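One structure is given here, and the rest of the page talks about it.
Note that this is a predicted model, so its numbers are computed, not measured. In the text below, chain A, chain B and the rest are named by the order of the sequence lines, each starting its count at 1.
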Amino acid sequence: MNLQQTLINWYLVNKRDLPWRNTTNPYYIWLSEIILQQTQVAQGLPYYTSFVTNFPSVFDLAKADESSILKLWQGLGYYSRARNLHASAQYIVSELNGEFPNTYSELLKLKGVGDYTASAIASISFNEKTAVVDGNVYRFLSRFYGIDTPINISKGFKEFKALAQDLIQSVDPATFNQAIMEFGARQCKPKSPDCTVCPFNQSCVAYAKGTIASLPVKIKASKVKKKYFNYLVVLSNDNKTLLEQRQGKGIWQNLYQFPLVETDKPANYDMIVDTVKSLDYVNEETFELSLYNTSDIVHKLSHQHLNTKFWILTLNSNLPQGVPVQKVESFPVPILIGNFIEDFNF
DNA sequence: AAAACGGGGGG
DNA sequence: CCCCCAGTTTT
């Protein structure tokens, strides 16, 4: 039996029953694929359910407020996915009359849809023979064929894409793409896969050579940077606080947070008090400033560690531009802020 | 080609 | 502590 048919047979027996596997509606496939980018199934599942419930059609998603979409996305990370989802929904409704793009090339024009996602939707919803290359596909193919080309350089992508594209020619693309990914996720796992029960244990190059653990090869990422965040949690006389929406390019774009003072080294009371005194809504005589968390909260992201202090700033005045503390929970916030809000309990 | 972009879970 | 995850966009 050939490789493709072995994968498909394995899949038909071992596939998980997931909600997006009971439809080929491109809108639902798209939602699931965006949610699952760089995200494990277990983590993405509740978000998929929530999005399908709140936005049953692309029209519902298009007409929603960005903040309400970000709120539902809260905690999933890579928030550009949510912003791109919204922009693409509006594009489909206003430019395409609500008709979902139905080819790889047209799908690729959607914001947030790259080679992988365009291939996934085109194959699953429209039976187009275009191969997906995701982390699972890299892992299985690199091990089965013993390929040590690094997967995170363009040469590696081209090599694996061509290989997968060749394999998909003779089979049903929707089933094959899902089979190879599911096989990579469940059998050909990153860490200690059980090769004794693998249907390829007589034909896998890496298993024969004992190189399973070292494949696929990846060029290692640059070092993590440390940053020092100080959040000012303002408490006013009229029971309000201050939230700002993050602007610009960096992380958490368009999400909300308390006023942020970033320092280039761990801050102390004197450094923060100087900043506080210069704020236009602070009366120099009557505020109180205290550190909430004795030791830094370290929020770890892929490329940076945010060493964070929350400072409680109590004012003896009102805050007309503030947010009533009861409404704080309705804003989309990064997990770092969300955890604080939950702990502080206003 | 390399860096930026989140957060959770596993070993 | 390090690696991985149904990757894409920007620089």
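The gap from the P atom of dC5(B) to that of dC1(C) amounts to 22 Å, rounded to the nearest Å. Comparing the same atom, P, in dG6(B) and in dT10(C) gives a spacing of 13 Å after rounding to whole Å. Distance noted for atom P between dA6(C) and dG11(B): 14 Å (whole Å).
What separates NE2 of His299(A) from C1' of dG8(B) is a distance of 10 Å, to the nearest Å. Lys191(A) has its NZ atom 15 Å from the P atom of dC1(C), to the nearest Å. The separation between Leu306(A) atom CG and dG7(B) atom C1' is 12 Å, rounded to whole Å. Computed from coordinates, the Phe157(A) CZ to dA2(B) C1' distance equals 17 Å when rounded to whole Å. One can place OH of Tyr78(A) at 13 Å from P of dC4(C), the figure rounded to the nearest angstrom. In this structure, Asn152(A) atom CG and dG7(C) atom C1' are separated by 12 Å, rounded to whole Å. Atom OH of Tyr48(A) and atom P of dA6(C) are 17 Å apart (whole Å). Taking atom CZ on Arg81(A) and atom C1' on dG7(B), their separation rounds to 9 Å, with Å as the unit.
Using a 4.0 Å cut-off on heavy atoms, the residues of residues 250-266 of chain A that approach DNA chain B are Gly250(A), Ile251(A), Trp252(A), listed by number. Within residues 14-40 of chain A, the residues approached by DNA chain B to less than 4.0 Å at the level of any non-hydrogen atom are Gln38(A), Thr39(A), Gln40(A), in residue-number order. Residues from residues 98-107 of chain A lying near DNA chain C, meaning a heavy-atom separation below 4.0 Å, are absent.
The residue among Ala185(A) and Gly112(A) whose nearest nucleotide of DNA chain C is located toward the 5' end is Ala185(A). For the pair Lys225(A) and Pro334(A), nearest-nucleotide mapping onto DNA chain B gives the more 5' position to Lys225(A). Each of Lys158(A) and Arg83(A) lies near DNA chain B, and the nucleotide nearest Lys158(A) is the one positioned closer to the 5' end.
The shortest distance between the side-chain N/O atoms of Tyr79(A) and the OP1/OP2 oxygens of dG7(B) is below 4.0 Å. Using a 4.0 Å cut-off, no side-chain N or O of Gln304(A) falls inside it from OP1 or OP2 of dA3(B). A close approach under 4.0 Å does not occur between any side-chain nitrogen or oxygen of Lys249(A) and OP1 or OP2 of dT9(C). Listed pair Ser302(A) / dA4(B) fails the phosphate criterion, with no side-chain N or O lying under 4.0 Å from OP1 or OP2. Not one side-chain nitrogen or oxygen of His303(A) sits closer than 4.0 Å to the OP1 or OP2 atom of dG6(B).
For Leu301(A), the listed nucleotide lying nearest its side chain is dG6(B); candidates were dA6(C), dC5(C), dG6(B).
Contact check on Lys63(A) versus Asp60(A) returns a salt bridge, with a Lys/Arg side-chain nitrogen under 4.0 Å from an Asp/Glu carboxylate oxygen.
Under the salt bridge (charged side-chain N to carboxylate O under 4.0 Å, His left out) criterion, Lys161(A) pairs with Asp115(A), not counting sequence neighbours. Residues forming a side-chain hydrogen bond (donor to acceptor under 3.5 Å, both in side chains) with Gln253(A) (at least two apart in sequence, or on another chain): Arg83(A). Remark: Asp172(A) pairs with no residue by the salt bridge (charged side-chain N to carboxylate O under 4.0 Å, His left out) rule, at least two apart or across chains. For Lys71(A), the salt bridge (charged side-chain N to carboxylate O under 4.0 Å, His left out) criterion is met by no residue, not counting sequence neighbours. Considering only residues two or more places apart in sequence or on other chains, Gln90(A) meets the side-chain hydrogen bond (donor to acceptor under 3.5 Å, both in side chains) condition with His86(A). With sequence neighbours excluded, the residues satisfying salt bridge (charged side-chain N to carboxylate O under 4.0 Å, His left out) with Glu106(A) are Lys109(A). Remark: Phe287(A) engages no residue in a ring-ring contact (aromatic ring centres under 6.0 Å, His included) (not counting sequence neighbours).
No contact: Lys189(A) has no heavy atom under 4.0 Å from any strand. Looking at heavy-atom distances under 4.0 Å, Thr117(A) makes contact with sugar-phosphate atoms alone, never a base. Here Val132(A) lies out of heavy-atom contact (under 4.0 Å) with every strand. Among the protein residues, Leu76(A) comes within range of the nucleic acid bases, having at least one heavy atom under 4.0 Å from a base atom. Among the atoms of the strands shown, none is found under 4.0 Å from any heavy atom of Asn177(A). If you check every strand for non-hydrogen atoms under 4.0 Å, Gly75(A) touches sugar and phosphate atoms only.
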>> For a side-chain hydrogen bond (donor to acceptor under 3.5 Å, both in side chains) check, start with the C-alpha distance between Thr211(A) and Arg143(A), then their side-chain angles and the critical distance, and finish with the verdict.
In response: CA-CA 8 Å; Thr211(A) 56; Arg143(A) 287 171 174 172; over 6 Å; no
Between Phe340(A) and Phe258(A), does the ring-ring contact (aromatic ring centres under 6.0 Å, His included) criterion hold? Intermediate values first, please.
CA-CA 11 Å; Phe340(A) 171 83; Phe258(A) 302 107; 5.6 Å; yes
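Taking the six-membered ring for Trp, Tyr292(A) and Phe310(A) have ring centres at least 6.0 Å apart. Aromatic ring centroids of Tyr231(A) and Trp311(A) lie 6.0 Å or more apart.
Within the structure, every pair that satisfies the ring pair (Phe, Tyr, Trp, His ring centres under 6.0 Å) test and touches residues 172-218 of chain A, not counting sequence neighbours, is listed here: Trp10(A)-Phe183(A), Phe140(A)-Phe183(A), Phe140(A)-Phe200(A), Phe144(A)-Phe200(A), Phe183(A)-Phe200(A).
Remark: the Glu33(A) side chain and the Tyr116(A) side chain contain an N/O donor-acceptor pair separated by less than 3.5 Å. Checking Tyr78(A) against Gln37(A) by side-chain atom types alone, no donor-acceptor pair falls below 3.5 Å. Of the N and O atoms on the side chains of Asn254(A) and Glu66(A), at least one donor lies less than 3.5 Å from an acceptor on the other residue.
Among the duplex regions that DNA chain B forms, those built from at least three successive Watson-Crick or G-U pairs under 3.5 Å are B:1-5 with C:7-11, B:7-11 with C:1-5, ordered by first number.
Residue-to-nucleotide contacts include no donor-acceptor pair under 3.5 Å from the side chain of Tyr116(A) to the base of dG7(C).
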